[in-house]
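The next block holds one structure in the form of structure tokens; read it before the comments.
As the structure lists them, so they are numbered: ligands from 1, and atoms in each ligand from 1.
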Amino acid sequence: MLKLKLHWQILIAIAIAVVAGWLTDEQTRLFGIQALAIYDFAGTLFINALKMLIVPLIMSSIIVGVAGIGSSGDLGRLGGKTLVYYLTSSLLAILVGLLLVNLVEPGVVDGEPARDILAFETDGEAVAAKIGQADGSAIAEIFLRMVPPNVISAAANGQMLGLIFFSLLFGYFMTRVDHGTAEPLYSFWNAVHHVMLRMTEWVMMFAPIGVFGLVARTVSKTGFEAAGPLVLFALTVFSALVIHALLTLPTLVRMFARVPAYRLFGAMAPALMTAFSTASSSATLPITMESLEKNAGVSNRTSSFVLPLGATINMDGTALYECVAAMFIAQAYGLELSFSVQFVIVMTALVTSIGVAGIPSASLVAIAIILAAVGLPVEALGVLFVFDRILDMCRTSVNVFGDSCGAVIVARLQGEEGILESAPASRRTA
Ligand code: ASP
């Protein structure tokens, strides 16, 4: 039987949802049940399933990621440089996104928050009050929330900052105990992580149904007005990704690797196109390695350390997207985006982008974490599905390009010669 790829299924679900939402209103009943209630049920079930994954997924991926870096033997100079590059480039990506989303304000329509247009359920004032409490308008408050007095209650109450901090520490200190003690812990968390990835894939199989419910509900409540802010949001993400890929990353390569960065685009073209079509940096990894070694001339020693690590923990495009998406939803709720709220969004985007898996749509779980961290209702992320696939394809290409820039920089800092010396075409025919 012909099995359609998931993203086609989701696109078809969106198209059907638009028609269904357009044909129904609050009075419409199907088999005696209000149509809106059916949409709500499907959407909420799907969002609940995503929320269910968050705690074990984020804990296991952060613990395995951090403990893995420490135990990979070759940490020393190579590891240190790689980590500094990853954090710096992801932070720069987030800042580009933050700047653009503040300038464009896709969540605001005619000076009013787009909450009603996007059919967000929860009443904005209640949300604002919650954020007001959670925010405390002071950076000191954030640090207090970061160190939870009780990690179990932090997990149970969705206090993600505390949970992330605990997981980072746990992973780090696993590398500080002797190997025999750490080994079973590593196997355990690694196994949890793998099972959680499978569970995420399984939940994503229901995305077409969930997305149908979420989109049909929005269209049925507001008609097509919702498209305006969503298109603006997608354009904001796209422009920020382009600025990061064409300006920020090449500047870093020029400054630290002192090689002509534009040649890297040609060298990495096969990997960038694969990333674009698969929306998965993990699936692209073999091609990323091949392009970097064969076309760009980076040694296997560097690429085999920097790239697999990068494919899991360095995601510039994803970090940028998470920040813009969370800010968009916050703007649409009409929140006052104080410095400390934006600070939490930036920091959570940075840390969760480390924990995001290199598979399609993985950032949706991370966005749920950010929304929970600043006290916004997770349900709001339903609207992001409309443009998720196309933006996923773009951000994954930026993720892969960011990893290859990192490998070139680290290789040059390690003293490698002959990188990007000739254009890739002449290299191939040589
Ligand atoms: N699809 C992305 C990747 O594989 C992750 C995401 O942002 O959803 O790099």
Side-chain angles (χ1 to χ4, degrees), residues 5-7 10-11 50 53-54 57-58 61-62 65 86 89-90 93-94 96-97 193-194 196-201 203-205 207 210-211 233-234 236-238 240-241 244-245 249 268 271-289 291 306-328 345 348-371 381-407:
K5 290 239 171 75
L6 184 64
H7 57 273
I10 296 181
L11 279 178
L50 277 180
L53 303 172
I54 293 179
L57 182 67
I58 199 74
S61 67
I62 293 182
Y86 284 168
S89 68
S90 299
I94 296 175
V96 171
H193 183 51
H194 277 91
M196 291 315 300
L197 284 183
R198 279 293 166 86
M199 276 176 73
T200 310
E201 277 168 21
V203 168
M204 283 308 291
M205 273 171 43
V211 172
F233 159 72
T236 311
V237 173
F238 183 73
L241 287 174
H244 187 66
L249 288 174
M268 297 310 294
L272 298 182
M273 283 187 292
T274 314
F276 186 78
S277 49
T278 58
S280 163
S281 28
S282 298
T284 311
L285 184 60
I287 308 198
T288 318
M289 290 182 85
S291 307
V306 179
L307 290 181
L309 201 61
T312 33
I313 71 169
N314 179 45
M315 297 196 177
D316 293 4
T318 295
L320 182 158
Y321 176 70
E322 286 177 24
C323 171
V324 177
M327 287 288 295
F328 166 63
I345 293 182
T348 328
L350 186 64
V351 183
T352 49
S353 73
I354 297 176
V356 167
I359 54 172
S361 295
S363 11
L364 290 170
V365 183
I367 295 168
I369 295 171
I370 304 185
L371 295 180
L381 67 75
V383 294
L384 302 180
F385 275 96
V386 176
F387 286 111
D388 190 60
R389 179 67 190 192
I390 179 76
L391 293 179
D392 198 2
M393 292 158 87
C394 300
R395 66 185 184 250
T396 308
S397 306
V398 175
N399 289 345
V400 167
F401 189 62
D403 292 343
S404 52
C405 291

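For the residue pair Tyr321/Asp388, the side-chain donor-acceptor check at 3.5 Å is satisfied.
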Between ligand 1 and the protein, which N/O pairs fall short of 3.5 Å?
from	atom 1	to	atom 2	distance (Å)
ligand 1	1 (N)	Ala279	O	2.9
ligand 1	1 (N)	Ile359	O	3.0
ligand 1	1 (N)	Asp392	OD1	2.8
ligand 1	1 (N)	Thr396	OG1	3.2
ligand 1	4 (O)	Ser281	N	2.8
ligand 1	4 (O)	Ser281	OG	3.1
ligand 1	4 (O)	Gly358	O	3.2
ligand 1	4 (O)	Ile359	N	3.4
ligand 1	7 (O)	Thr318	OG1	2.6
ligand 1	7 (O)	Ser363	OG	2.6
ligand 1	7 (O)	Arg395	NE	2.7
ligand 1	8 (O)	Ala362	N	2.9
ligand 1	8 (O)	Ser363	N	2.9
ligand 1	8 (O)	Ser363	OG	2.9
ligand 1	8 (O)	Arg395	NH2	3.1
ligand 1	9 (O)	Ser281	OG	2.6
ligand 1	9 (O)	Asn399	ND2	2.8

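Annotation for Met393: atom CE counts as buried by contact number, over 12 foreign heavy atoms lying within 6.0 Å.
With contacts defined as side-chain heavy-atom distances shorter than 4.5 Å, the pair Phe385/Leu364 qualifies.
For Val203, the side chain to side chain contact (heavy atoms under 4.5 Å, CB included) partners are Phe46, Ala49, Leu50, Leu53, not counting sequence neighbours. Taking the side chain to side chain contact (heavy atoms under 4.5 Å, CB included) definition, one finds that Ala349 meets it with Ile94, Glu322, Cys323, Ile370, sequence neighbours left out. For Ser397, the side chain to side chain contact (heavy atoms under 4.5 Å, CB included) test picks out Ala275, Phe276, with sequence neighbours left out.
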